[in-house]
K.L.:
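Would you mind keeping the following structure in view while I ask a few things?
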Amino acid sequence: MTTVRIPAGWPATEEQALAVQDELRGEVVLDESGPPPGTGYVTGVDVAYDDERDVVAAAAVVLDAVSLDVVAETTAVGQVSFPYVPGLLAFREIPTVLAALDALPCDPGLVVCDGYGLAHPRRFGLAAHLGVLTGLPTIGVAKNPFTFTHDDPGTARGSAAPLLAGTEEVGRALRTRDGVKPVFVSVGHRVSLDNACAHTLALTPAYRLPETTRRADSLCRRALRDTTG
DNA sequence: GCGACAG
DNA sequence: ATCTTGTCGC
């Protein structure tokens, strides 16, 4: 497991973080469709926190997109680098997630984030931010609609409804299990929204959440538990 | 002006 | 995110 410190020059205030988002948001690439769903590698990333100790643990789990078998997995721990502020989540998660990704012995392929990409107040959520910093294709799959609105998707798995910021479609509410609350998919970097949804469906053969985030979630929690000091 | 608000 | 056991149901 890798250990990371807060990077030099990392934003310390909300104002600085907003400035970074403003500077990087123009680098998001939206005119690529991304890797074909159901092929190559798909990597889930997630983090867990210990607020008492101000410690954060991240995990990256690489799955074979066809079999959904684990190909590789890494963890990293570090000091919490930013408070939780809605709209600034990336500054809390990215340093440790980058360390976990860097430790992987193989190419991550598509990266699936637990949170949003373009579905964000300034269209630059965690998945978009991570994509710009790594150059990797990324998508965001969130468990809540945040501040956005949507009509109810049909009840069948695969049904979707636009996730709206006013009239702008920033993502999609996608039903991954019959009759179960949808997930909220948005583009991060170098992937189309249609493909982001197709990948999400390919990753949910049995549960509401993608296998990537389920695996990364349990691994980072375990890494946090196994941490001392 | 007062909430609500990814994880 | 996190605090947390059993329990109802397919």
Side-chain angles (χ1 to χ4, degrees), chain A residues 11 14 17-18 20-21 24-25 28 44-61 75-98 100 111-132 138-150 155-157 163-166 168-174 176-189 193 196 200 205-210 212-227:
Chain A
E14 293 189 26
L18 291 170
V20 171
Q21 289 186 334
L24 295 180
R25 60 203 253 181
V28 176
V45 293
D46 195 16
V47 302
Y49 300 97
D50 181 341
D51 290 327
E52 302 291 286
R53 295 182 298 153
D54 221 36
V55 167
V56 52
V61 180
T75 59
V77 297
Q79 198 79 5
V80 168
S81 53
F82 208 84
Y84 172 65
V85 179
L88 300 178
L89 177 66
F91 296 93
R92 187 168 167 78
E93 311 212 331
I94 277 186
T96 321
V97 167
L98 283 178
V111 177
V112 180
C113 298
D114 190 9
Y116 282 119
L118 292 194
H120 178 273
R122 292 166 294 283
R123 307 295 178 266
F124 196 64
L126 171 64
H129 198 148
L130 187 65
V132 165
T138 61
I139 67 173
V141 181
K143 300 181 284 296
N144 299 291
F146 201 13
T147 62
F148 306 105
T149 61
H150 63 88
T155 184
R157 164 176 156 88
L163 188 64
L164 300 172
E168 177 185 0
E169 184 180 22
V170 294
R172 218 161 269 167
L174 177 66
T176 54
R177 302 293 297 161
D178 290 353
V180 173
K181 174 180 175 171
V183 297
F184 304 90
V185 179
S186 60
V187 163
H189 185 60
L193 182 55
T200 301
Y207 297 95
R208 174 184 177 234
L209 297 179
T212 38
T213 64
R214 285 168 42 78
R215 286 248 160 64
D217 179 76
S218 64
L219 181 57
C220 69
R221 290 188 198 220
R222 178 149 50 83
L224 188 64
R225 287 200 314 266
D226 295 347
T227 295

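Sequence lines set the chain letters: A, B, ... in the order given, protein chains first and strands last, and positions in each chain run from 1. From a predicted model like this one, the values you see are computed outputs, not experimental measurements.
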K.L.:
Starting at the 5' end of DNA chain C, what dot-bracket string do you get if Watson-Crick and G-U pairs under 3.5 Å are bracketed, crossing pairs use [ ], other-strand pairs use | and unpaired bases use dots?
P.N.:
..........
K.L.:
Heavy-atom distance under 4.5 Å between the side chains of A/Val56 and A/Gln79, does that happen here?
P.N.:
no
K.L.:
Here's one to test your reading of the geometry: is the NZ or CZ of A/Arg123 within 45 degrees of the ring axis of A/Tyr116 and under 6.0 Å from its centre?
P.N.:
no
K.L.:
So, taking the atom named CZ in A/Arg215 and the one named CG in A/Leu219, what distance separates them when rounded to the nearest 0.5 Å?
P.N.:
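With rounding to 0.5 Å, CZ (A/Arg215) is 10.5 Å from CG (A/Leu219).
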K.L.:
Would you check if the side chain of A/Asp178 reaches a backbone N or O of A/Arg157 as a donor-acceptor pair within less than 3.5 Å?
P.N.:
yes
K.L.:
Establish, for the pair A/Arg214 and A/Tyr207, whether the NZ or CZ atom is under 6.0 angstrom from the six-membered ring centre and no further than 45 degrees off its axis.
P.N.:
yes
K.L.:
Taking the six-membered ring for Trp, are A/His120 and A/Phe146 closer than 6.0 Å centroid to centroid?
P.N.:
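Between A/Phe146 and A/His120, which both carry aromatic rings, the centre distance is not below 6.0 Å.
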K.L.:
Counting only N and O atoms by type, is there a donor-acceptor contact under 3.5 Å from the side chain of A/Thr138 to the main-chain atoms of A/Ala127?
P.N.:
yes
K.L.:
Got A/Val45 and A/Asp114 here, is their nearest side-chain heavy-atom distance under 4.5 Å?
P.N.:
no
K.L.:
For nucleotides 2-7 of chain B, just jot down a letter per nucleotide in 5' to 3' order: B, S or -, based on protein non-hydrogen atoms under 4.0 Å.
P.N.:
---BBB
K.L.:
Check whether any side-chain heavy atom of A/Phe184 sits under 4.5 Å from a side-chain heavy atom of A/Val141, and report yes or no.
P.N.:
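No, too far: nothing below the 4.5 Å cut-off.
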K.L.:
Using side chain to side chain donor-acceptor pair (under 3.5 Å), reason through A/Glu93 and A/Tyr84 one step at a time and then give a plain yes or no.
P.N.:
CA-CA 10 Å; A/Glu93 311 212 331; A/Tyr84 172 65; over 6 Å; no
K.L.:
Using both pair distances under 3.5 Å as the test, note the stems of at least 3 consecutive Watson-Crick or G-U pairs that include DNA chain B.
P.N.:
none
